[in-house]
There are 2 protein chains.
Amino acid sequence: MPAKKKAPPHPVETVGLDVLEDTLSFYIRSINIALSRDLDHRLEGLDVARGTGKITTLLLVDSHPGIRPSVIAQLILRDRSAMGRLVDQMIDHDLVTRRNAPDDGRAQELHITEKGADLARKVREIATKQSSDFFAGVPEEDQERLLDILRRVYRRTLGLDQ
Amino acid sequence: MPAKKKAPPHPVETVGLDVLEDTLSFYIRSINIALSRDLDHRLEGLDVARGTGKITTLLLVDSHPGIRPSVIAQLILRDRSAMGRLVDQMIDHDLVTRRNAPDDGRAQELHITEKGADLARKVREIATKQSSDFFAGVPEEDQERLLDILRRVYRRTLGLDQ
DNA sequence: TACTTTTAGTGGACAAACGCAACTATTCTG
DNA sequence: CAGAATAGTTGCGTTTGTCCACTAAAAGTA
């Protein structure tokens with residue numbers, strides 16, 4: 001009798017996830033990990049690696065000149081101090097500029113630099129591509145639906161739409 | 001003319017998310033943040049705070065006695081070293097035990113402790129409740145659909161189901 | 001106008017988590 | 001038996017985020 005390969009008591013293919021099996025949050029969290037990793041790879045070397053924060057900030061500043069840090073912070077669900085540091089980084093990389101708001105002494109306005117705008121173009125491509133690649137296995141129709149639902153959840157989470 | 005409140009150039013309610021608006025990954029990531037925070041709150045003081053990893057591990061060990069760290073690692077998308085540390089913590093908290101696999105000198109088997117089993121019960125409630133609370137605004141039918149889709153994506157990500 | 005409260009941004013400190021890479025011991029392949 | 005693959009451990013570095021306190025400015029109030 002040939003030595004047979006030892007299978008673990010509970011091989012991956014067959015383990016149930018207990019209660020988590022039916023839990024949206026588990027899947028969201030797991031998929032998020034995979035998604036983030038994938039994205040990080042695609043952004044390698046791009047000055048904007050590691051994260052949703054930088055990308056969103058870059059795109060928002062690009063498409064909304066003069067947008068304020070605190071507004072972005074709300075959208076990416078971070079607190080102001082984290083946001084501040086994020087902006088610091090981006091300024092170091094010469095992606096955006098920060099100036100005081102002319103009409104409100106507390107606030108700042110962010111503007112894109114040329115380098116930032118270039119990067120934003122690249123990032124747009126990468127971000128859309130990665131999202132569609134990643135969900136390539138999901139039928140078009142389901143993707144739409146998913147997008148719809150998640151968008152609503154997101155907005156409700158922010159407290160927009162009531 | 002009364003001093004009117006200064007509105008920022010781009011108020012939160014109206015800023016578009018540029019390309020990200022139509023990107024599944026953005027929403028997944030954002031919702032993930034909110035979800036994790038919420039969960040952390042609900043788990044406060046419970047020995048298992050901070051994270052998907054611990055919860056999943058706890059439940060899996062409870063419902064699959066003898067399951068191996070490496071198997072769990074695959075399911076929660078972490079590398080073995082992270083998994084090892086996770087188990088260390090849980091052992092410190094007296095939630096699980098670790099013993100060498102009798103038939104495979106490389107492997108280990110995890111078992112739940114009494115304290116761990118108690119906690120697992122609580123966690124099951126909390127986890128299911130939080131997920132349903134969080135998605136309460138989404139119609140039942142959509143939730144099912146969502147769950148279905150995400151489950152498939154998850155499994156495909158793991159490389160199960162081809 | 002004067003007083004209080006809220007908002008925007010900054011800076012420090014702290015903790016924790018994660019991934020990579022290197023290394024050991026075992027087991028599998030052929 | 002030799003070489004490749006697998007399970008787990010450890011150290012290292014890096015990053016990230018959160019909490020808190022503090023300043024300045026503006027809004028609310030009366």
Sugar-phosphate, base or nothing in reach of Gln89(B), heavy atoms under 4.0 Å: sugar-phosphate

Distance-only donor-acceptor check, side chains Arg85(B) and Ser81(B), under 3.5 Å: yes

Touch class at under 4.0 angstrom, heavy-atom based, for Ser70(B) against every strand present: sugar-phosphate

Phosphate contact (dT15(D) OP1 or OP2) by Lys54(A) side-chain N/O below 4.0 Å: no

Presence of donor-acceptor pair under 3.5 Å, side chain of Ser81(B) and base of dC20(C): yes

Arg85(B) side chain near dG19(C) phosphate (N/O to OP1/OP2, under 4.0 Å): no

Bending between helix ends of the helix from dT1(C)-dA30(D) to dG30(C)-dC1(D) [5 pairs per end, 10° resolution]: 50°

Interatomic distance, Leu77(B) CG vs dC20(C) P [rounded to whole Å]: 13 Å

Of the listed nucleotides dG19(C), dG8(D), dG9(C), the one nearest the side chain of Gln108(B): dG8(D)

Straight-line distance of Ile28(B) CD1 to Asn32(B) CG, nearest 0.5 Å: 8.5 Å

Nearest-nucleotide pick for Arg106(A), side chain only, options being dG11(D), dC20(D), dT6(C): dT6(C)

From OH (Tyr27(A)) to CZ (Arg152(B)), nearest 0.5 Å: 11.5 Å

Asp103(A) CG to dA26(D) C1', straight-line distance once rounded to whole Å: 11 Å

Proximity to the side chain of Arg98(B) - top-ranked nucleotide from dT9(D), dG8(D), dA25(D): dT9(D)

Qualifying residue for side chain to side chain contact (heavy atoms under 4.5 Å, CB included) with Thr57(A), from Leu75(A), Val48(A), Ile76(A): Ile76(A)

Separation of dA7(D) P from Leu75(B) CG (nearest whole Å): 13 Å

Nearest to side-chain heavy atoms of Ala107(B), which nucleotide of dG19(C), dG8(D), dT26(C): dG8(D)

N/O (side chain, Arg78(B)) to phosphate O (OP1/OP2, dG19(C)) under 4.0 Å: no

